[in-house]
Structure formats: structure tokens, C-alpha cells
Number of protein chains: 2
Amino acid sequence: MQDSPIATDKKTEIEEAIVSGILSGRIKPGTRLGESQLATVFSVSRTRVREALMRLEARCIVQVSPRRGWYVIEPSAEEAMMVYGARRALESGMMRSLSALPPDGPAILEAHLDQERAAIASGDRQRLTYLMGDFHIRIAELSGNTVLVDILRDLTARTMLISLQYQSDFHARQSHEGHCAIAAALIAGDVAKAAALSIEHLDEVEAGLDLTVRPDPLADLRHSLSLPTSRSCSLQSAGTPFPTNQGD
Amino acid sequence: MQDSPIATDKKTEIEEAIVSGILSGRIKPGTRLGESQLATVFSVSRTRVREALMRLEARCIVQVSPRRGWYVIEPSAEEAMMVYGARRALESGMMRSLSALPPDGPAILEAHLDQERAAIASGDRQRLTYLMGDFHIRIAELSGNTVLVDILRDLTARTMLISLQYQSDFHARQSHEGHCAIAAALIAGDVAKAAALSIEHLDEVEAGLDLTVRPDPLADLRHSLSLPTSRSCSLQSAGTPFPTNQGD
DNA sequence: TAGGGCTGTCTTGCATACAAGAAATGAACG
DNA sequence: CGTTCATTTCTTGTATGCAAGACAGCCCTA
């Protein structure tokens, strides 16, 4: 039951399924999201699929090319830098506001870090990817501010797309250590240090990207040729085109 | 030209018109937004209206009550505090990242402050309301980070709804002075001071609200009775139900 | 008069049909 | 063989129709 994640109400089912796919790295930037295909997969009419896609478009997660199709956003280098910039501003500011951690805060952080360690040990990369992004959301949750959580959730989804597009290799251990340092500072109550570490951490992750070279300079051309992106997207023709139940 | 603002593409026309109405205070929290009415006003079918409303729902600006109707969000006191909290985190973090202002930054800030002064002098409250929120967006624009701008734009719209619902009286002069101080610190290059002033400024504005008393404790009840909110919303029966062209 | 149920009306929810456009295909032609 | 143009197919864009539900008003009853 933990596969079809949360399984919220009918209304946001499709939206959440797509976001979940992105968050766990199953759906890549540039993936085509055909209305009819999704309608078939979810056994609904195009109307509801469109509504979900519209909402995702408002969240800057998908994009429609008029009369051509819906595609998961392929963030440009500029957009990538801006997303990281926004996260630096938001998260550092958030840290500074976290002077009083809730009583169970340390335990929550420790539990999450344990999960990260377990994922590293087991080599479950999809889960690790998800956890790495989720750490920051965990912290936002500690603030008790759901507005902050929602904003950060969207930024995390976009970050995931950026990583998939520009990250040459994933320094899981380095990221994990960054998380540990931030958590330690927070638990120690040193919010200024936590803020500084957050900026540093995001800088590191951003530095791990290769933004100077476009990962797929022929992306536009490929689109005109209707080739998915660089590799197959598996949404196009596979028997189970939308593996929402994959992963943990 | 500043009335029907931007008048972007056909696709976001309805959405932007509603947001613009909120930003200038013409549309109040709790206002009912009937699909058919909007469809008539914009001379389109309900389909496109629904799409616009869905996008606005994703931005936490409107809300649908199943089979009853769409309403502009009436932020709860909790949500109000969280929005201000998010803005404090975001804006203070943003200030600290603004070490290098663009060359025309000071001029832009001064020009905006002049507009605020002019609006105060002329007593054009609608325009003043709009400008007060827009100041913060101006600063985000100085960062050159459109991601930040978009996030702050949505938060500003929500802030506007909060103000309309909870602000007993509008201390325009005090807010203006806060803006002046922030601008001065930014121009002087003292980002830490600008960050501190931002938090202070938002605290002041939040303190100006009356969050302890629900402005309309019977809101839910009224809804069940299908009375708009507390007063008439003018969208229901007026001849020109949706005055998008009103205001400056 | 107060309460309960029925019915009419108005709303959104959702599916479907068709229009409009883009891109791929293939044929004709130089 | 390469190019151009018509056609065919596939996609989204938009409107419309009908179903489902909520609410208001009314009548009926006790």
C-alpha cells in the first residue's frame, strides 16, 4: 500500500502520481505525457487528465507545447540556477526561524538520517534519491509551516528534474554528510550555523551539476523529430507505460 | 494600460484577471466565482474557466466546495501566520543573497517609493494597496531570480486576502517607511540589515492584523446557508458582475 | 406552528464530440 | 536522388451535454 503513495482523494490522484514519479526519479525531464495515454492508464477521460496537467503546469512541473503534447519540464541551466538560488534563500531563512525545535524534532531528524544510511547501504538508488530531497521537506515540516512545506515540495520536484538532467554523478555520501551537519546544528540550536550549512550544502549540490554543457544540446531537434529525449522514456510504448507502483 | 494588467496570452487571461482583481483589492476573500458567470463575462465556455480556476486552486488562491461553487480563499488565522512566516523566511533569505544590486537597482527602488508616495498623497487606496505588495516583488526582481519572483507573487496575493480579512486599518505610512528603510539598507549594501528590517517589517504588518478574533466567526455557517460571506460580494447579481476594468 | 419530506433549480463533475493545428508520410516531380 | 506538396494521422483546444449532488422552497402532517 505504500507504493501508490498517499493515495489522496480522487481529485489529486493523477497529479500526485506524476509528482511521485518525478520525486523518485522514475519520470525524467522531457518525458512526454500524452493526455490519452494517461487517460487510459488511470481509466478516466481526458478531461480529468487535463485538469491534473494544468495544475502541474501552474507548479512549473510540466509544460504544454501547443497541439504537440505535454512534457515534463526540462529545466534550462538558468532555471536550474534560479531554483537553487530560491532554495538557498528559502531554506536558509527557514533555518534561522527554527529557533525552537518541536520536542520530537531531533528524533525525526535522526530517523530520517538513519533511513538515508540504510538506503546508501542497500544501494537502493531510487529510494535514496527520494530521501535526499525529502530531508529538506522534513525540516520544513519541523517548522510546522505547511505553506513553507508546499513551496519546498515543488522546488524539490524541480530540483529532482534538474539533477536528472545535469547531475553527472550523485555524491550520495557527501549529501548525506551535509544533512548530518545541518541536523546537528539544528539540534544544537545553532540556527545561524544551520543556515550557513544549508547554503553550503546547496552550493555543493549545485556545484556537482554540469551546467556549462547542455546535457542534450539537440533536445529541441529531437523533439521536432519526436524522439523522447535522449533515451527511451518507457512511457511511450511499454506494456505498463506508467509504472506508478514501482519502487518502494 | 495599467487596468487590464499585462493582458497576457489567451491562455492565462482569466487567471491573471482574477489575480489582478485580488492584488488590487477588488476581489475579496470569500467571493464566489461561479463558472457560468465567469464564462459569460469572458465570453468563453465553462471549460476554460474551469482550467483557470484549477490553476488558481493549485496556487492556493481559490477553493472549490464540491457541487457548491468556487470561492476565493478565506485564509484562516493559522494560514495567515504561516504565510507571513514563509514570507519572513523567504524575503530575509533573499535579502542576504542580494549582495550585488544591479546597476539600475537603486533607481528602480526609488521610482517605486515615489509611486508609493504619490499614491499616499492622492489617496488612491486601491493603487496603494497594489503598490505595497508590489514593493516586495520589485526586490525579488532585483535578484533576477524569476523563480523567487513567482513564489513571492503568489504569497503576495495570499497576503492581500489576509489583509482584506483581518486588517482592521491600513497603516500605509508605516509600511511605506518600512519599505524606505529596507531600500536604503539594500542600496547601502547592508544585506544583513535589510534582512533584519524585512523581518521587522513583516512582523509589523502581521501585528497590524487582528488574528485573535475571527472576522466572521459564522463564515462556515453562512456558507452552509449559502450566504456569500458577511456582506454582498457584488459578483452575484450586479449588472457588471466582474469589474475587471475597474480601478486605475 | 414546527418538523419532515418532496420537488425544482442551480451548481459543479465528468465524458464525449468535434475543430484546429502540427508533424509524419508518401507521392509526384525536377 | 533530393525537394516540394498534398494527405493522413495524431495531438491538443474548446464547446456541449448530461449526470450527480446540494440547496431552497413548498406542501403536508402532526
Side-chain angles (χ1 to χ4, degrees), chain A residues 8-15 18 30-58 61-73 218-229 233 235-237 241-242, chain B residues 8-15 18 30-58 61-73 218-229 232-233 235-238 241-242:
Chain A
T8 62
D9 54 323
K10 200 165 155 189
K11 186 171 183 178
T12 56
E13 180 192 355
I14 303 171
E15 195 179 350
I18 294 174
T31 302
R32 188 185 136 82
L33 300 172
E35 293 183 1
S36 303
Q37 296 174 60
L38 290 172
T40 303
V41 170
F42 287 97
S43 303
V44 296
S45 77
R46 278 180 50 222
T47 305
R48 287 186 48 199
V49 171
R50 268 182 80 77
E51 290 175 352
L53 289 171
M54 297 268 169
R55 275 189 280 256
L56 289 174
E57 190 183 34
I61 289 175
V62 307
Q63 193 177 24
V64 62
S65 183
R67 312 258 179 204
R68 291 195 359 108
W70 293 86
Y71 296 88
V72 176
I73 284 220
L218 299 178
D220 291 349
L221 179 56
R222 280 179 211 277
H223 265 162
S224 346
L225 297 172
S226 93
L227 295 170
T229 295
C233 287
L235 183 65
Q236 300 251 73
S237 54
F242 197 59
Chain B
T8 61
D9 54 322
K10 199 165 154 187
K11 187 171 183 178
T12 55
E13 180 193 354
I14 303 171
E15 196 179 349
I18 294 174
T31 302
R32 188 184 136 83
L33 299 172
E35 292 183 3
S36 303
Q37 297 173 62
L38 290 172
T40 303
V41 170
F42 287 97
S43 304
V44 296
S45 77
R46 278 177 49 219
T47 306
R48 289 187 48 201
V49 171
R50 268 181 80 79
E51 290 175 351
L53 289 172
M54 297 270 170
R55 274 189 281 256
L56 288 175
E57 190 183 34
I61 289 174
V62 307
Q63 193 177 22
V64 64
S65 182
R67 312 257 180 205
R68 291 199 355 105
W70 293 86
Y71 295 89
V72 175
I73 284 223
L218 300 177
D220 292 350
L221 179 56
R222 281 179 210 276
H223 264 162
S224 349
L225 298 172
S226 95
L227 294 171
T229 296
S232 72
C233 287
L235 182 64
Q236 300 252 73
S237 54
F242 196 59

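E15(B) CD to L53(B) CG: the interatomic distance, rounded to the nearest 0.5 Å, is 9.0 Å. Rounding to the nearest 0.5 Å places OG1 of T12(A) at 11.5 Å from CD1 of I18(A).
Judged by distance alone, the side chain of R48(B) and the main-chain N or O of I14(B) form no donor-acceptor pair under 3.5 Å.
With contacts defined as side-chain heavy-atom distances shorter than 4.5 Å, the pair V72(A)/L33(A) qualifies.
Residues passing the side chain to side chain donor-acceptor pair (under 3.5 Å) test with R50(B), sequence neighbours excluded: E51(A), E35(B). In this structure, the side-chain contact (heavy atoms from CB on, under 4.5 Å) partners of S65(B), at least two apart in sequence or on a different chain, are R68(B), Y71(B). V64(A) is linked by a side-chain contact (heavy atoms from CB on, under 4.5 Å) to E57(A), W70(A), K11(B), counting only residues two or more places apart in sequence or in another chain.
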Given protein heavy atoms under 4.0 Å, the one-letter contact record of nucleotides 8-16 of chain D, with B base, S sugar-phosphate only and - none, is simply ---BBBBBB

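Direction of the helix axis in the helix from dT1(C)-dA30(D) to dG30(C)-dC1(D) shifts by 10° between the two five-pair termini, rounded to 10°.
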